Amino acid sequence: MTWIWNNSPALPVVLLLPTAIAIPLFALIERRLARWLALAVSLTTVGLSILNLVKALSLGPIHYHMGGWPPPIGIEYVLDPLSAFVLLVINTIGFLVLVHAKKVVDREIPESGKHVPYYAVAVLMLCGFNGIVVTGDFFNLYVWLEIASLSLYGLIAVGSRKAPVAAIRYLILGTIGACFYLLGLGFLFTMTGTLNMADLKAILPAVGHEPAVVIGLGLIVAGMGLKMALFPLHGWLPDSYTYAPSSSSALIAPIGTKVGAYVLIRVLFFIFGTAYVSRTIPVTTVIGWLAAAGILYGSIMAMAQTELKRMLAYSSIAQVGYIGLGIGLANPLGLIGAVLHLMNHAAMKALLFLVAGNFRTILGHSNIARLDGSTRRRMPWTTAAFAVGALSMIGIPPLAGFFSKWYLALGAVAKKQWIFLAVILLSSLLNAVYFFRVIERIYFARAESSAAEPRTEASASMLVPVLVLAAALIGLGVLNAFIVKGVIGKIVTSAMF
Amino acid sequence: MKAVNYAVLALFGAVLILAGLSLPDRGDPTAPLNRDKSAAGTPNAPSYYIRNPERDAATPNMVTVILADYRGFDTMGEETVILTAGLNCFLILRRERTKEKRR
Amino acid sequence: MTKFLLGHYGYWFVFLLMTLGFYGMVVKKNLVKKLIGMNIFQVAIIMFYLSSAGKWKATIPIVDPAIGTAGTARYIDPLQHCLMLTAIVVGVATSGVAYALLITIYKRFGTLHEDELIERMKNDLDME
Amino acid sequence: MHWELEVVLFVFLVGAALVALESRNLLTAVVSLSVFSFLSALLYAAMGAVDVGFTEAVVGGGVSGILFVVTIFRTSRKSKD
Amino acid sequence: MMRRDDDAIISLVSRTVSPFIMIFALYVIFHGHYSPGGGFQGGTMLAAALILVRLAAGSDLAQLQFPRSWGTPLGSAGVLIYWGTGFVSMLCGGNFLNYAFLPVSGPPPHHRNLGILFIEVGVGLAVMGILTAIYDDLLEGRPHD
């Protein structure tokens, strides 16, 4: 027990990696073991992240030295409230999606020989994201970022016929992003001589005025903007989400973009400090305006789509914009909004993409125009969960989505940014328009065939994660004050305001 | 569209040149990289790496020691990257051989 | 002036190569050309790190008993070398996945030119 | 570090990169990319990074080039730009 | 590759050179402590030697030397060696990858020296296996069959 307690910061990564290797090897014995291994390890990481969150909240930041070398010399893992919180969000969503994945993978990946490496790559992706979140070293972050991105390309590419094209476009843009990150890191490293985050933070005041440092920060922000699909850099997102298998989209949409947002928050508010990024050089202002433009663009484009998954993809651009907006406000309320929305959007988008996966598996399509009352009668639980998710996206009060928007709006008021406030309100309206279009078709459109169709609800493995997420949206909304005070409040106080 | 691309390219080049002007001279032993202590007074990692590999690991090749010991976790990540690439090629390209034979 | 030129000429060449690679990635329409640009970009970044690591009148980072390890000015910084070894591997891995994707795309659509690819994707009947 | 050697190699590198990017025949482009990698390996060695130079020579000039050529053979050899 | 003409000289030279490349690769891996080189370079050279035979003699004949199905398992084994070295030191009370806690005799620098050797071997295996596997995967499903 004490062994687990001592090594808990490193254990998620350390356990995920050999499982990814073991999956193909054990699958030689029994094919079905692959999925069970993936489930077991991701459940373990959920447990470990809960332990880590408790530890980080009660003991303060925990430093774990890899190889026993102290920070400027070796690599350290840092668990502070922010990283522990994001770790828990990522692992929980990953576990729920993996539970759901079985039927979707069976249906949407035709060659059965690919199921085993699919699970292995999915576990590797989780491993990469865990590494990004916990590491306290810039170069180590780059390595895990590459692992996660490479796995994402593969997960997208096994989808429909057009998926490889989307994947290679993502690969090229993603590599540009990674190269920007590495180049910006090179500038920072040449100016300061350290790769450790805490060390860099201590050295920055001495060299912060140099153009090379400013441009290094700009390049890192641009690279991470590409990874999180901030507005003008979102080109890869719609196609990737649409053509990927539904389980991949449900993994990427909630987790992939959020990690980019996490790195931005970490770099801007925890290393460079708010005063530097909002007054010395106006990085956050630029991010805020781009995010506002992205919210409007994503919402308007989402209204024009007829395919559920593509609509959700454009909606993702808008929702990532909310996080960007919270970063752009650069005040405590805005940061609360951004971190809260990071969690809420992860849950909402996972739920909606899983529902899209259910539609595809049971109905064989996810075209909005072909959904109607018979869909509701055939799949009552799935459609109910969809309604909960959609209402939460719009921001109906008791549901989780309302509260992050509420804090963002409060932040905009505190900063006297009336345009941002207007953007938040307007986009809620647009959200309502495009989600009510779907809800209207499901609940109020008359079925084309009046014959009573048998109820063909999705099987338990597909239904339970959806229902859990729907319940979580309600629960997160109700417990919102508790989460904000207990967890996010500590995150905000540890940021440099 | 083409004009936008070239504009991005020009912007990128200009930004790089601007940054390059303020970089320290190459090969200067007093550059921030090469000092014993950083501006904040913390020990500077490269000079530690030069001084101590023989004492710590009985190995004269500094790069090997950094690669495998001081920053060994990076290298494990690197191996994982290669493994990911291999599994991805497996996932994308490989077809099942047993099935083909049966056909 | 001479000191500045001698201390910075490497950076200008490296930035030129970087811009060339970036040009290949954003302007060229053929996917293979984009990958070539990507390779050049990555090599240029590696060169950037290595040029910042060098020291005049210093030797390679392997402990030489004749010099000893007291003076750090006699050895080139080993840290960047180690980082760049990792970066090279990452580059190879990325290219490997990209090659696999290229082959799949060519098998399905018969072209690697981006405009033609978009055209053929539009005409593709698979509506998913 | 010897700046005379480095300048010569840099000039060759820019030339190889231009050929790789502008050639219409993709095989030429890929071979030129291998040349680029090999020259850069020489440059790394000239900068004192022997380990990196070694790796780049083996990877960039060897295996990566072979994989790229295989890809070219499996796809098409002509390019429009 | 595509259509292949059997050329005696190419076949002879590649078959003769390949073992020497392998020997040199092993030297590079095991001598990485004292000279430039190490697991990654050596592993890539091993892969290059295997790919050379595949290029010259054809993929089907080269199966006799290194079967296609070995690539990924060997690569996984390499990564497992690396991870195992770290994990054993973790089990013996140190942090992950802290070779000073490896259960071998001698003073700590000696432990670290040995730990570095283990992981270099792991890296070499991993790189060799996986690069060869990538080459085989790229050639899988040739256009003419």
Side-chain angles (χ1 to χ4, degrees), chain C residues 6 9-10 12-14 16-17 20-21 23-24 27-33 35-37 39-40 43-44 46-47 49-51 53-62 75-76 78 80-82 84-85 87-89 91-92 95-96 98-100 102-103 105-107 110-113 115-116, chain D residues 1-3 6-7 9-11 13-24 26-27 29-30 32-34 36-37 39-41 43-60 62-81:
Chain C
L6 205 59
Y9 76 92
W12 308 136
F13 276 110
V14 169
L16 176 62
L17 284 174
L20 273 178
Y23 157 79
V27 175
K28 291 288 177 189
K29 289 286 179 192
N30 191 300
L31 289 175
V32 176
K33 282 289 172 65
L35 289 191
I36 291 177
N39 269 321
I40 293 175
V43 167
I46 293 167
M47 271 177 213
Y49 272 78
L50 294 181
S51 9
K55 291 176 192 167
W56 302 114
K57 300 197 189 73
T59 180
I60 58 170
I62 293 173
Y75 294 101
I76 291 170
Q80 282 96 330
H81 299 182
C82 159
M84 286 309 107
L85 279 175
I88 288 177
V89 181
V92 178
S95 318
Y99 301 152
L102 283 191
I103 289 176
I105 289 174
Y106 193 79
K107 228 190 267 168
T111 180
L112 288 180
H113 195 267
D115 296 341
E116 290 174 11
Chain D
M1 282 167 67
H2 307 278
W3 69 268
E6 283 181 13
V7 168
L9 284 170
F10 269 129
V11 171
L13 274 171
V14 173
L18 280 176
V19 173
L21 282 174
E22 294 303 332
S23 160
R24 296 275 166 120
L26 287 179
L27 197 61
V30 170
S32 178
L33 185 71
S34 283
F36 178 86
S37 283
L39 284 173
S40 62
L43 180 67
Y44 300 159
M47 282 173 176
V50 271
D51 280 86
V52 190
F54 195 169
T55 316
E56 179 71 33
V58 176
V59 172
V63 174
S64 184
I66 294 174
L67 294 183
F68 217 144
V69 170
V70 169
T71 314
I72 297 293
F73 271 109
R74 293 288 312 274
T75 59
S76 114
R77 211 190 281 193
K78 293 188 192 68
S79 159
K80 283 188 184 149
D81 56 5

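Computed from a predicted structure; not experimentally measured.
Note: D:L43 CG to C:I46 CD1 = 11.5 Å, rounded to the nearest 0.5 Å. Distance CE/D:M47 to CD1/C:I60: 16.0 Å, rounded to 0.5 Å. A distance of 10.5 Å separates CG in C:L85 from CD in D:E56, rounded to the nearest 0.5 Å.
Here C:H81 is the residue among C:K57, C:H81, C:E116, C:M84 with the most heavy-atom pairs under 4.5 Å with chain D. Interface summary for chain C: among D:L26, D:V7, D:V11, D:I72, the most heavy-atom pairs under 4.5 angstrom belong to D:L26. Of the listed residues C:V14, C:I40, C:I76, the one with more heavy-atom pairs under 4.5 angstrom with chain D than any other is C:I40. Ranked by heavy-atom pairs under 4.5 Å with chain D, the list C:K29, C:M47, C:Q80 is led by C:M47. Here D:L13 is the residue among D:D51, D:V30, D:L13 with the most heavy-atom pairs under 4.5 Å with chain C. The choice from D:S40, D:S79, D:S64 that makes the most heavy-atom pairs within less than 4.5 Å of chain C is D:S79.
Between C:I36 and D:F68 the shortest side-chain heavy-atom distance falls below 4.5 Å. You'll find the side chain of C:L50 reaches within 4.5 Å of the side chain of D:V52, heavy atoms only. Considering only heavy atoms from C-beta on, D:V70 stays 4.5 Å or farther from C:Y99 through its side chain. Here the side chains of D:V59 and C:V89 are not in contact, with every heavy-atom distance at 4.5 Å or above.
With hydrogens and angles disregarded, no donor-acceptor distance shorter than 3.5 Å links the side chain of C:K107 to the backbone of D:T75. D:K80 places no side-chain N or O within 3.5 Å of a backbone atom of C:H113 that could act as its donor or acceptor partner.
Contacts of C:Y106 classified as ring pair (Phe, Tyr, Trp, His ring centres under 6.0 Å), with partners at least two apart in sequence or in another chain: none. Residues meeting the side-chain hydrogen bond (donor to acceptor under 3.5 Å, both in side chains) test with C:S95, sequence neighbours left out: none.
Both the backbone and the side chain of D:L21 have a heavy atom closer than 4.5 Å to some heavy atom of chain C. Of the atoms belonging to C:L6, it is side-chain heavy atoms, and not backbone ones, that fall under 4.5 Å from chain D. At a 4.5 Å heavy-atom cutoff, the contact between C:V92 and chain D is made by side-chain atoms alone. Heavy atoms of C:Y9 lying under 4.5 Å from chain D belong exclusively to its side chain. Heavy-atom distances place the side chain of C:I88, and not its backbone, under 4.5 Å from chain D. Heavy atoms closer than 4.5 Å to chain D are found in both the backbone and the side chain of C:S51. Neither the backbone nor the side chain of D:S32 comes within less than 4.5 Å of any heavy atom of chain C. Of the two parts of C:K55, only the backbone, made up of N, CA, C and O, holds a non-hydrogen atom closer than 4.5 Å to a non-hydrogen atom of chain D.
Closest approach of C:P61 to D:G48, counting heavy atoms only: CD-O, 3.8 Å. Smallest separation of non-hydrogen atoms from C:K33 and D:A29: CE-CB, 4.2 Å.
Remark: D:E22 engages C:K28 in a salt bridge, criterion side-chain N to carboxylate O under 4.0 Å.
The aromatic rings of C:F13 and D:F10 sit parallel to each other, their planes meeting at less than 30°, with 60° as the upper class boundary.
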